[in-house]
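The structure appears below as structure tokens.
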Amino acid sequence: MGLSQRITTLTGGGSDGWDVFIKARRMIAQGISVTELTIGEHDIRTAAPILQDMHRSAMAGHTGYAMVPGTDTLRDVVARRTAERTGVPTTRDNVLITPGGQAALFAAHAAVCDPGDTALYLDPYYATYPGTLRGVSAIPKAIRTRAEDAFQPRATNIDAAANGARSLLINSPNNPTGTVYSRATLQGIAEVCQRHDLWLISDEVYDTQVWDGAHLSPRALPGMSARTLVVGSMSKSHAMTGARCGWIVGPAEVITHLITFATHTTYGVPGFIQDASVFALNQGTDFEDEIAEPFRRRRALAQAVLAGQNTIGLIPAQGAMYLMLDIRATGLSGDAFANALLDQHQIAVMPGESFGASAAGHVRVAMTIDDRAFEAALRTLCTFADGLAGA
Ligand code: PMP
């Protein structure tokens with residue numbers, strides 16, 4: 001029996017970029033001690049009070065079908081938080097609760113792209129992006145950014161690729177580069193979207209993790225709220241990756257259609273997860289800062305370690321839980337470097353190539369292990385790179 005093109009070609013063929021990660025996991029299964037700096041998950045678990053609230057809600061009976069668009073309370077809390085952070089008037093009618101940011105990315109593209117439509121995204125990209133776009137039968141089109149620009153996209157490059165396209169997906173603070181888009185970058189993007197009548201899908205799941213400058217949501221730029229769908233999530237801001245709770249914020253008319261889409265796909269998010277998310281969001285920004293603090297600290301540690309050497313370049317880590325390291329001076333590709341580092345020093349990092357051609361000759365380091373082990377691993381990585389470069 002044949003399967004659909006959509007499902008069989010979802011990853012686009014070839015390596016999916018997870019080879020080093022899988023090799024590291026295999027080594028760990030064999031009992032080898034590996035320092036894991038690959039995936040973007042906190043080294044802390046969801047805070048106990050949030051779990052207690054989840055338990056309370058479930059015990060109180062919130063275990064049946066929940067409202068498909070999300071509970072009124074959670075939609076209100078997300079709307080208020082969005083309005084407070086961006087200044088854009090936002091109500092419950094602008095919010096759909098989804099099973100995580102990933103489901104929000106899929107639903108947002110399903111809402112704006114027909115099969116065969118061109119959906120733009122920026123390279124380097126979060127690993128699932130092209131597959132998500134293929135998942136709605138859109139044609140993914142990557143636009144390169146440059147290490148020399150600290151991976152800030154250039155509006156002229158987007159403009160040159162935008163003819164006939166339907167949507168543009170952006171992500172700031174960015175995974176994998178750690179770049180936070182400047183106001184000028186976002187204004188340039190907004191102008192291109194208006195000129196080419198593009199939907200903008202803005203993935204802001206790292207909006208609480210900004211180390212340099214400030215997060216700006218492009219939905220707040222003039223003329224943009226009618227064409228922007230913002231993707232948010234509890235995963236990164238509240239260390240709730242496993243809870244699968246996220247959202248889309250956008251025009252009420254789009255949300256109405258997305259509620260129908262949710263009725264026929266996910267049928268909502270468990271009520272006790274939504275209640276715990278309300279509880280978590282009501283802890284306010286101090287709690288969010290507390291969750292972000294380890295990454296802020298480790299980013300400072302990394303800056304100090306890297307200041308003592310000349311082989312590796314650090315893309316200015318402005319936000320999110322990753323460092324993008326330029327290892328081109330070693331003469332190796334990101335892939336060869338990551339494999340050799342794993343084989344020789346049992347340290348696992350992601351090859352830049354896993355996130356697109358623009359990150360070739362780089363590796364991504366997740367700042368997701370305890371400070372001392374993180375600093376030691378970075379020092380080993382630097383010595384290793386120096387050795388390769390003959391420094
Ligand atoms: N967007 C980006 C940029 C991410 O890094 C992730 C998770 N790593 C997601 C979306 C999806 O997160 P979740 O589904 O857990 O909300």
Side-chain angles (χ1 to χ4, degrees), residues 16-18 21 36-46 50 70 74 78 95-110 119 121-133 135 140 142 145 151 153 167-181 200-210 215 217-218 229-249 262 265-266 269-270 273-274 276-277 280-281 288 291-292 295 317-324 350 352 354-356 358-359 364-368:
D16 60 4
W18 289 92
F21 173 78
E36 262 267 54
L37 302 170
T38 48
I39 63 169
E41 180 147 38
H42 317 69
D43 45 324
I44 52 162
R45 302 285 85 189
T46 304
I50 298 175
L74 180 55
V78 170
V95 180
L96 171 76
I97 304 302
T98 63
Q102 183 58 49
L105 286 165
F106 180 76
H109 282 93
Y121 67 111
L122 295 160
D123 175 345
Y125 49 84
Y126 171 47
T128 68
Y129 280 3
T132 303
L133 306 182
T145 60
F151 295 113
S167 61
L168 168 66
L169 170 58
I170 65 170
N171 170 223
S172 174
N174 188 271
N175 175 14
T177 62
T179 302
V180 173
Y181 294 177
L200 181 63
I201 298 171
S202 178
D203 178 344
E204 303 180 19
V205 302
Y206 293 100
D207 66 346
T208 61
Q209 300 180 3
V210 178
H215 173 69
S217 175
L229 300 177
V230 175
V231 170
S233 172
M234 298 300 291
S235 288
K236 312 292 177 175
S237 54
H238 293 77
M240 289 177 70
T241 48
R244 313 309 303 133
C245 189
W247 54 81
I248 299 173
V249 172
T265 50
T266 59
V269 174
I273 298 285
Q274 297 195 62
S277 299
L281 288 167
E288 294 171 7
I291 299 294
F295 308 119
Q318 298 169 294
M321 46 176 86
Y322 314 97
L323 306 172
M324 188 59 100
M350 290 294 284
S354 304
F355 309 103
S358 300
R364 188 195 75 172
V365 176
M367 301 188 281
T368 49

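Predicted, not measured: the structure shown is a model, and the values here were computed from it. Read the numbers this way: they start at 1 and go in the same order the structure lists the ligands and their atoms.
Checking only distances, Gln102 does come within under 3.5 Å of ligand 1, N or O to N or O. The distance criterion of under 3.5 Å between nitrogen or oxygen atoms is not met by Gly40 with respect to ligand 1.
Using a 4.0 Å cut-off to heavy atoms of Ser233, the atoms of ligand 1 that qualify are 13 (P), 16 (O). Every atom of ligand 1 with a heavy atom of Arg244 under 4.0 Å away is listed here by number and element: 13 (P), 14 (O), 15 (O). Per-residue contacts place Asn171 under 4.0 angstrom from the following atoms of ligand 1 (heavy atoms of the residue considered): 3 (C). Distances below 4.0 Å separate heavy atoms of Ser235 from the following atoms of ligand 1: 13 (P), 15 (O), 16 (O).
Nearest to atom 1 (N) of ligand 1 among the protein's heavy atoms is Asp203 OD2, 2.5 Å. From the protein, the heavy atom lying nearest to atom 8 (N) of ligand 1 is Lys236 NZ, 2.9 Å. Considering only non-hydrogen protein atoms, atom 9 (C) of ligand 1 sits nearest to Tyr126 CE2, 3.6 Å.
Here CE of Met234 is found 9.5 Å from CD1 of Ile97. Values are rounded to the nearest 0.5 Å. Put simply, CD on Glu204 and CD1 on Ile170 are 7.0 Å apart, with the number rounded to the nearest 0.5 Å. Expressed to the nearest 0.5 Å, how far CZ of Arg244 lies from OG of Ser277 amounts to 11.0 Å.
Contact of the Cys245 side chain with the Leu74 side chain is registered, since non-hydrogen atoms from C-beta on lie closer than 4.5 Å.
Checked by atom type, the side-chain pair Thr132/Gln102 shows a donor-acceptor distance below 3.5 Å.
Between the side chain of Arg364 and the main chain of Thr38, a donor-acceptor pair closer than 3.5 Å is present.
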Inset, instruction - Dump the intermediate steps for ring pair (Phe, Tyr, Trp, His ring centres under 6.0 Å) on Tyr206 and His215, then the final yes or no. - result: CA-CA 9 Å; Tyr206 293 100; His215 173 69; over 10 Å; no
